[in-house]
Student: 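Let me give you the structure first, and then I'll get to my questions.
Computed from a predicted structure; not experimentally measured. For the numbers below, each heavy atom of this structure counts, side chains included, while hydrogens, waters and symmetry mates do not.
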Amino acid sequence: MTDLQEIRKQIDEVDEQIVRLFERRMKLTKEVAEYKIATGKPVFDAQRERKKLETLGEKATDPFNCVGIREVFRQLMSISRKRQYQLLSESGVSYQSEFHKVDRLPTKDAKVVFQGVEGAYSFAAMNTYFGPEVDSFHVETWKDAMEAIAEGKADYAVLPIENSTAGIVADIYDLLVEYQNNIVGQQIIRADHVLMGLPGVSLSDLTLVCSHPQALKQCGRYLEAHPGWKQQEMINTAVAARKVKEDGKKEQAAIGSRHAAEYFGLEILDDNISSSQTNSTRFIIVSGKKLYTPDADKISICFELPHASGTLYNMLSHFIYNNLNMTKIESRPIAQKNWEYRFFVDFEGNLDDGAVKNALLGIEKEASSLRVLGNYR
């Protein structure tokens, strides 16, 4: 039996050969990029890569090695493309953004729309971001808010997109695709849920608790301790508070914010009822204009992929090779395309950054579609 150290020595020798061959291949990649720059040929040729992977796999001596060879060369081709995109960018062929850089967002005298009513968390997010003197109005649904932007009735909309406990607000992702509105800012609000009811009511009087579905979920452990209470979902926490006030029934209570209780003249029956004491909601500021500021450090994009093995990895590798920190990825089903998905990605960076341009150029060339949703902070 061959000594283990001898085997490792031989592996080291093979690895050194692989390194030299890899660097030789990358030198040829540079020559390929120069040719493509001169001729205008695209970097990505999916059909050629697919045929080459099939041919290389057939050269293997057994089925396991066949799969391995194809995987190794799939990675090599991916790395090669990343280098070609970098060289293209250095020669002036880079991602062309439709966004315009401004020193600061034009918020003076702006009209802002939010979903719900005064006292809602979206109302609090709006006041925090724009100031309490903001010229605002409210609508019934998130779609109505997007529509107000599209029709020019409002300059900005404030929409919840993610909660630290309940996760994403999926409908907002779908609306970002349906409407050509853009994310220009964000505001994080701590969801300090309280249970509120009519003045003088006690917990023993209650039979019904109403709130937004996410708020009910966020207070799930508290509600489980009161199995006799029915739960009713409402479109908004503040709407739930208003219902309790307008119905005037002592057996009803709502879950919402402390300032909603104050706004509607309700009594706080119990506080700190959220399952998480760090429960927060991230709101996005949406505009019909494509704007970003010099200090914007977060980018949101969405893209669709060919329905084939390895395509998602190829997209995500653009962040890896450009040393970009991806902070979030979500998927949503594509309407009229069974079992196909649209991906939403957040990552750190500014549209002026060379690494960002390189990554977006690569994704744009290889994805079925790409849209930058916003660059903001």
Student: I'd like to check the side chain to side chain contact (heavy atoms under 4.5 Å, CB included) partners of Gln5; sequence neighbours left out, ordered by chain and number.
Tutor: Asp3, Arg8
Student: Using a strict cut-off of less than 4.0 Å between a Lys/Arg side-chain nitrogen and an Asp/Glu carboxylate oxygen, indicate whether Glu330 and Lys328 qualify as a salt bridge.
Tutor: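 Judged by the 4.0 Å cut-off on N to carboxylate O distance, Glu330 and Lys328 do form a salt bridge.
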Student: Assess whether a salt bridge exists between Lys153 and Glu151, defined as any Lys/Arg side-chain N lying under 4.0 Å from an Asp/Glu carboxylate O.
Tutor: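 Salt bridge present between Lys153 and Glu151.
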Student: Pick from Lys250, Lys245, Lys243: which one makes a salt bridge (Lys or Arg N to Asp or Glu O under 4.0 Å) with Asp247?
Tutor: Lys243
Student: Does Asp144 have any salt bridge (charged side-chain N to carboxylate O under 4.0 Å, His left out) partners at least two apart in sequence or in another chain, and if so, which?
Tutor: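 Asp144 satisfies salt bridge (charged side-chain N to carboxylate O under 4.0 Å, His left out) with no residue once adjacent residues are dropped.
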Student: Going by side-chain hydrogen bond (donor to acceptor under 3.5 Å, both in side chains), name the residues that satisfy it together with Asp62, two or more places apart in sequence or in a different chain.
Tutor: Asn65
Student: Using the benzene-type ring in the case of Trp, are the ring centres of Phe130 and Tyr156 under 6.0 Å apart?
Tutor: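 Distance test on ring centres: under 6.0 Å, yes.
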Student: Residues two or more places apart in sequence or in another chain: which of them pass salt bridge (charged side-chain N to carboxylate O under 4.0 Å, His left out) with Glu304?
Tutor: Lys337, Arg342
Student: Can a salt bridge be assigned to the pair Arg221 and Glu224 using a cut-off of 4.0 Å between side-chain N and carboxylate O?
Tutor: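 No salt bridge links Arg221 with Glu224.
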Student: With the threshold set at 4.0 Å, does a side-chain nitrogen-carboxylate oxygen contact exist between Lys111 and Asp135?
Tutor: yes
Student: Name every donor-acceptor pair, under 3.5 Å, that has one atom in a side chain of residues 12-21 and the other anywhere in the protein, sequence neighbours excluded.
Tutor:
none

Student: Any Lys/Arg nitrogen of Asp346 or Arg282 sitting under 4.0 Å from an Asp/Glu carboxylate oxygen of the other?
Tutor: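 A salt bridge is present here (some side-chain N lies under 4.0 Å from a carboxylate O).
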Student: I'd like to check the salt bridge (charged side-chain N to carboxylate O under 4.0 Å, His left out) partners of Lys230; sequence neighbours left out, ordered by chain and number.
Tutor: none
